[in-house]
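Below you'll find the structure, written out as structure tokens, and then a few comments.
What you are looking at is a predicted structure, and each value in this text was computed from that prediction instead of being measured. In what follows, every chain begins at residue 1, and chains take the letters A, B, ... in the order their sequences are listed.
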2 protein chains.
Amino acid sequence: MNDAVKYLLDEQHLPRFWYNINADLPVPLDPVLHPGTQQPITADELSVIFPRGVIEQEMSTEREIEIPEPVREVLRQWRPSPLYRARQLEKALNTPAKIFYKYEGVSPTGSHKANSAIAQAFYNKVEGVKRITTETGAGQWGSSLALAGSFFDLEILVYMVKVSYHQKPYRRAFMETFGAQCIASPSDTTESGRAILAEHPDSNGSLGVAISEAVELAAQRDDTKYALGSVLNHVLLHQSVIGLEAQKQMEMADAYPDMVIGCTGGGSNFAGIAFPFLGEQLRGGRKVELIAVEPSACPTLTKGTFAYDFGDTAHLTPLCKMYTLGSSFMPPGFHTGGLRYHGMAPQISHLAKLGYITPRSYNQLECFAAGIQFAKAEGIIPAPEANHAVRAAIAEAEQCRETGEAKTILFNLSGHGHFDMQAYIDYLGGKLQDITYAEDEIAMALAGLPSIG
Amino acid sequence: MNDAVKYLLDEQHLPRFWYNINADLPVPLDPVLHPGTQQPITADELSVIFPRGVIEQEMSTEREIEIPEPVREVLRQWRPSPLYRARQLEKALNTPAKIFYKYEGVSPTGSHKANSAIAQAFYNKVEGVKRITTETGAGQWGSSLALAGSFFDLEILVYMVKVSYHQKPYRRAFMETFGAQCIASPSDTTESGRAILAEHPDSNGSLGVAISEAVELAAQRDDTKYALGSVLNHVLLHQSVIGLEAQKQMEMADAYPDMVIGCTGGGSNFAGIAFPFLGEQLRGGRKVELIAVEPSACPTLTKGTFAYDFGDTAHLTPLCKMYTLGSSFMPPGFHTGGLRYHGMAPQISHLAKLGYITPRSYNQLECFAAGIQFAKAEGIIPAPEANHAVRAAIAEAEQCRETGEAKTILFNLSGHGHFDMQAYIDYLGGKLQDITYAEDEIAMALAGLPSIG
């Protein structure tokens, strides 16, 4: 099938193991520190907010970690997800490049986020947890945890970043349809929320603030834990199914990527597709260029500092060594809620620092233009987050047109834009502008970084 | 794979022929009549608004009609669509029934409508048409034609029923993203629209009115044709890919349906899944119960009259023999825009009259409740239209629980509800009620039926 447009795998080919890049790191990660003592955090300390199953994964250096059958049972409803060859886009671009994309929008919640939500809900359920709190930006993670809560009969409480809460009422409704409760953050239901509101009554919110609210609540009750949708090792681990499937599917297509591209907010979808390929390389296999694409308005990898920082605004979370813009940085209210985070996954930060990952940033207007170009060729309207990956893939393919190289490009189309049409309405109506961050705000936020050791 | 949840077919297994039930009808269809002369309409007369390729199909009695390669080329981007075994729903219902559903929500526009839109755009393109006008209710058809227009480089003008236009801004944005123009109907851009507005300035619109506007415009210009998203033979023909694929997939599952269920507005998704099975039966194969489910508030098959009627309000379309509530009937503004049509596909009407199809109707509240029950079990939020099929499938499965019969139920999940979350918001917020039609309005509309021959 050399002219195929899609490569499907049967549910029997759903991976049985997650891939853990910690096993192949050339230099180990810096330890996660306790926010109070600034000493390496213990499993016991983490267990206040996370279930044991998740903590084990967070700290593991085993290369392969078995996916529990009840998790596979749920994942197989939409996984393996399809891999597409973007033949129409190639034609439209008149490029010799071969463009492939893995499409995670086939999940019931429309993005890759469900991959980790199902796993995390499972580990909470088997440990007797009754309720999970979380934050959500664009709403993709909150929807996914709502779905997982419905499948595993858990109460889900979602703090949704205020700007997205108002931009995206359909996402809220989606969560509520699955029985979850959704609160605009900052809210008056937590101390962290009230503190922000006292200082900034009109705050748009941020993922950092919403995390504080969710963690605060989880820490207060024994039957309640917290779940994070990105950044941490275990989340990136759960997303490895994307790349593991893509490896098999690229083989079906008789191709191997010269580069793998993903958008990065906290980093989970990028790591999901990229790490299995990088793992091959680190074990002596073929070299792959990994391109992490972020919004220019929240340029964590391209303009941030590699340092220990908190994951949230109120400094309730542990400290991670990562690229960060400073935990007090409030990204402007641009239309990619999923990428409005001050930090970056420690694993990605570490590998970027070591030179294995190339960061890149784009402005939102060029990303929307790329998304529409993609939609007109391939039929799928991407989520605004995914438009960043599309933009980079198109740029690379155009580069090939100039040089005549027939490179093989693989990118992750992390989700569809069905719940983001307001952003497209604004873009098509000429109401969007390129938003830049305030240089001095980042400088101030970085000046506030904790001094460690 | 006896415990599989989904049955996938490779793009190589995309059908090469559409199935035409006209070849197997025990009694032929009554002819379509010219609206002026009331004589059987000719291909030449139809060519004012339709391309020749489509007209040939409309009138054909060939059993198999080849799908042109450029159409297959596009369809394979999402087809064959998956067939699911609803194992989680079966468990939740504690039923011995086996429930299967064919999921058409995987198309880029989220419903089965794209199947015919691509075909119709192709036939228009090869005949040099520049512009296609159409109507849309829920927006699924308009979105699909917008997508098709983008693929085949055709200008698309969509008259969207006003109540849906306001309920569903994201659907409009979707069409506009693909470059289509979208106008709320009734509008002041046509005589038909202006006439309605003069009499009912606050009209919600209806499919019948929107069809009049689109047809009026197409009839005026040589480079412009009209496309209909349901009702007519050629549309039902294009949808037969659903049932043809489902036949292969049921075989993979080692099962055969005792009943096939679909929701019916104009009838295309129901016919798409049901006719290939009915064809087997008509040619001496196994008997299958076919259940057509419509909203109680627009009860065409259950309360309508089998008679010649116009397809539109302004009486510009040909006359079809069908179940109808009268072309002047204005369905109330309930939340399933795709089912708010006064008539029913002549092929379905004919087969219902002959006793091969069992009509059934449900109110909207019980349909939304069924949709949410389905979503919580299977993860997919159905379009409100599809909830009618879900409701019937659940009713049948519950019946099996009572009788202990292990029947095999197949239904068509014609689309997802991502663009219908406002309806779910209203339902969850207790703002929806069961709406009934006005008995006297139907009586009046039926009294206005044309008297033929």
**Report entry** Spacing of B/R85 atom CZ and B/F100 atom CZ [to the nearest 0.5 Å]
**Finding:** 5.0 Å
Report task. State, with a plain yes or no, whether a side-chain heavy atom of B/E69 is found less than 4.5 Å away from one of B/R16. Result -> yes
Report summary line: Highest number of heavy-atom pairs under 4.5 Å with chain A among B/R79, B/E73, B/R171 belongs to B/R79
Query raised in the report: Out of A/I372, A/I381, A/T109, which one racks up the most heavy-atom pairs below 4.5 Å with chain B?
Result: A/I381
Query raised in the report: What part of A/A377 gets closer than 4.5 Å to chain B, counting heavy atoms only: side chain, backbone, both or neither?
Result: backbone
Query - Residues which pass side-chain contact (heavy atoms from CB on, under 4.5 Å) with B/A86, listed by chain and number, not counting sequence neighbours - result: B/L89, B/I99, B/Y101, B/E378
Requested in this report: Quickly, which of B/V241, B/I118, B/L14 forms a side-chain contact (heavy atoms from CB on, under 4.5 Å) with B/R72? Name it, please.
Outcome: B/L14
Query raised in the report: Which bit of B/Q422 is near chain A, if near means a heavy-atom gap under 4.5 Å: side chain, backbone, both or neither?
Result: both
Report summary line: Under 4.5 Å to a heavy atom of chain B? For A/V5 that would be both
**Report entry** Any donor-acceptor pair under 3.5 Å from B/Q120 side chain to B/G229 backbone
**Finding:** no
**Report entry** Under 4.5 Å from any heavy atom of chain B - which part of A/F174
**Finding:** both
Query raised in the report: Among A/L9, A/T177, A/D420, which residue forms the greatest number of heavy-atom pairs with chain B at distances under 4.5 Å?
Result: A/T177
Query raised in the report: By a 4.5 Å heavy-atom criterion (distance strictly below it), what part of B/Y424 contacts chain A: side chain, backbone, both, or neither?
Result: side chain
Report task. Applying ring pair (Phe, Tyr, Trp, His ring centres under 6.0 Å), name anything that partners B/F151, two or more places apart in sequence or on another chain. Result -> none
Query raised in the report: Quick one: of A/W78, A/F419, A/Y427, who has the most non-hydrogen atom pairs under 4.5 Å with chain B?
Result: A/F419
Requested in this report: Dump the intermediate steps for side-chain hydrogen bond (donor to acceptor under 3.5 Å, both in side chains) on A/S414 and A/E104, then the final yes or no.
Outcome: CA-CA 5 Å; A/S414 55; A/E104 289 293 309; over 6 Å; no
